[in-house]
A.B. asks: 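My structure is below; once you've seen it, I'll send some questions.
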Amino acid sequence: MKLSQSGGLKICADPRRGIVGVLLFGPEADLVALQRQSLVKAITDGDGMRQSRLDAADIRKDASLLETRLRERGFFPGRRSVLVERATDGLVPMIERAVAGLLPEDALLVLEAETLPTRSNLRKLFENGDALAAIAFYPGSPSRQDLIRMLAAAGVTSRLPEEIMQTLEAIAADLDTGNLTQFIEKVALNCLDGEQSLSAKALLSLAPTTGEGDVDALVAVVASGQSSQIGPILSMLWAMGLTPHAVLIRLAQHLRSLLSVVNSVNPEQTVGRLRPPVFGPRRQAMLDQANHWAPDRLDQAIRLLHNTEATLRTPGTRPDLAIVERRLIHIAALAGRR
């Protein structure tokens, strides 16, 4: 079944017994991971012994591995979960076999993926299955209910004063998922037994400096091919404490949206359908950027970003900041080559 983001949040917080598999996907890896954590915790009561994790490559090597893990019984009571990260359409045949005849008491299959187009076979499998659920998560300002759920997960279950909640909403609107999660944890540490011990002013002092505007500026200069401006902006972002991963994820999200615009017959109409929505000057900027790119160049740029992120995730000592800067300059150089 296909669920809305709000319906998906309810499933992640309280999975129904009739569901045997859930596909979580979206352009922001941190947001998808946050909802996956909520779902796995809800189904396993946070018991790590009831949680299994499989790599997509292992499933491809052994077609029966996923089915075996889903149906095996653990030593501890309660339902189990089996997580597969970076799921792709190539896993569809194995997944179809694994979920056929799967019972509610078997382990819950949880798949995590990046953005999936509507033509994706993996997405279709979960959207059309009665006992399967597909949930797309897109970044945007969290609602008050979202914040209440996050506070409750961090241990703050009592109702907070209205002034504090309004301040939280204002701060959260400017934070990405990773920074928002860390901020909520700081707030929880300063709440004693559910009683708010912070003033709105003190709450503001806990908020991280995200440099969101500077990230957008970086994305704009890279997508427009202005390589000479990349170094100074990156220096500011590193000084603000942003991580290379956060920069790569934000740029990859933008380039994927830009690719859909470049590939469309009606770019203006496509920009209007983007999620999250693109308004004002950013809308015109994206249309202007689309004139600089050919689809194959954008594909190449997105692959370069994914390869760079994979490199940064491997163990070892590397000049990560220098690697990211060189890669962004390389990508900016691809703009304008049609």
Side-chain angles (χ1 to χ4, degrees), residues 1-48 50-54 56 79-88 91 95 99 107-118 120 122-123 125-127 129 131-157 168-169 172-173 175-185 187-188 245-246 249-250 252-253 256 275-276 309:
M1 69 187 77
K2 180 179 180 180
L3 296 176
S4 65
Q5 184 159 314
S6 59
L9 288 170
K10 294 177 182 177
I11 291 293
C12 290
D14 184 20
R16 289 180 284 180
R17 285 187 55 83
I19 293 179
V20 300
V22 179
L23 169 64
L24 311 174
F25 64 97
E28 186 180 312
D30 285 345
L31 178 58
V32 175
L34 179 66
Q35 302 308 326
R36 179 256 298 165
Q37 291 169 4
S38 174
L39 174 61
V40 170
K41 182 178 180 180
I43 205 70
T44 64
D45 302 315
D47 185 353
R50 289 157 53 192
Q51 302 172 18
S52 297
R53 186 187 299 257
L54 289 176
R79 196 176 182 191
R80 298 168 46 255
S81 69
V82 176
L83 168 66
V84 179
E85 298 175 295
R86 296 184 295 277
T88 63
L91 297 180
I95 293 171
V99 299
L108 176 72
L109 173 61
V110 181
L111 299 182
E112 196 174 313
E114 297 180 347
T115 302
L116 296 173
T118 54
S120 163
L122 181 62
R123 180 171 170 177
L125 173 64
F126 278 76
E127 286 182 345
L132 303 174
I135 311 167
F137 290 101
Y138 296 99
S141 299
S143 66
R144 177 167 294 200
Q145 287 304 312
D146 294 333
L147 294 174
I148 290 173
R149 277 192 290 267
M150 294 181 72
L151 286 166
V156 183
T157 56
L168 276 174
E169 288 177 306
L175 299 181
D176 61 26
T177 304
N179 280 314
L180 177 57
T181 302
Q182 295 178 12
F183 174 59
I184 291 294
E185 290 173 353
V187 173
H245 292 290
I249 289 171
R250 177 69 184 87
Q253 175 190 343
R256 283 193 292 267
R275 294 293 180 272
E309 188 176 6

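The figures that follow rest on heavy atoms only: side chains count, while hydrogens, waters and symmetry mates do not.
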A.B. asks: How close do Ile249 and Pro27 get, counting heavy atoms only, and between which atoms?
C.D. replies: CG2-O, 4.4 Å

A.B. asks: Taking the side chain as every heavy atom from C-beta outward, state whether Leu111 and Leu91 have any pair of such atoms under 4.5 Å apart.
C.D. replies: no

A.B. asks: Quick one: pull up CG in Leu109 and CZ in Phe126 and give me the separation to the nearest 0.5 Å.
C.D. replies: 5.0 Å

A.B. asks: Just verifying a value: how many Å separate Gln253 CD and Glu114 CD, rounded to the nearest 0.5 Å?
C.D. replies: 11.5 Å

A.B. asks: Let me confirm one number: the CD-CG distance from Glu185 to Leu151, rounded to the nearest 0.5 Å.
C.D. replies: 11.0 Å

A.B. asks: Which one of Leu83, Ile135, Leu34, Leu31 satisfies the side-chain contact (heavy atoms from CB on, under 4.5 Å) criterion with Leu24?
C.D. replies: Ile135

A.B. asks: In the structure I gave you, are the side-chain heavy atoms of Leu122 and Thr88 within less than 4.5 Å of one another anywhere?
C.D. replies: no

A.B. asks: Can you find a side-chain donor-acceptor pair between Gln51 and Thr44 that sits under 3.5 Å?
C.D. replies: yes

A.B. asks: Taking the side chain as C-beta and beyond, is there a heavy-atom pair between Ser81 and Arg50 under 4.5 Å?
C.D. replies: no

A.B. asks: Do the charged groups of Glu85 and Arg53 touch, with an N to O distance under 4.0 Å?
C.D. replies: yes

A.B. asks: Can you name the closest pair of heavy atoms from Leu132 and Val99 and give their distance?
C.D. replies: CD2-CG1, 4.4 Å

A.B. asks: Partners of Glu127 by side-chain contact (heavy atoms from CB on, under 4.5 Å), sequence neighbours excluded?
C.D. replies: Lys2, Arg123, Ala134

A.B. asks: So do Leu23 and Leu125 actually touch side chain to side chain, heavy atoms under 4.5 Å?
C.D. replies: no

A.B. asks: Between Arg256 and Thr115, what is the shortest heavy-atom contact and its length?
C.D. replies: NE-OG1, 3.8 Å

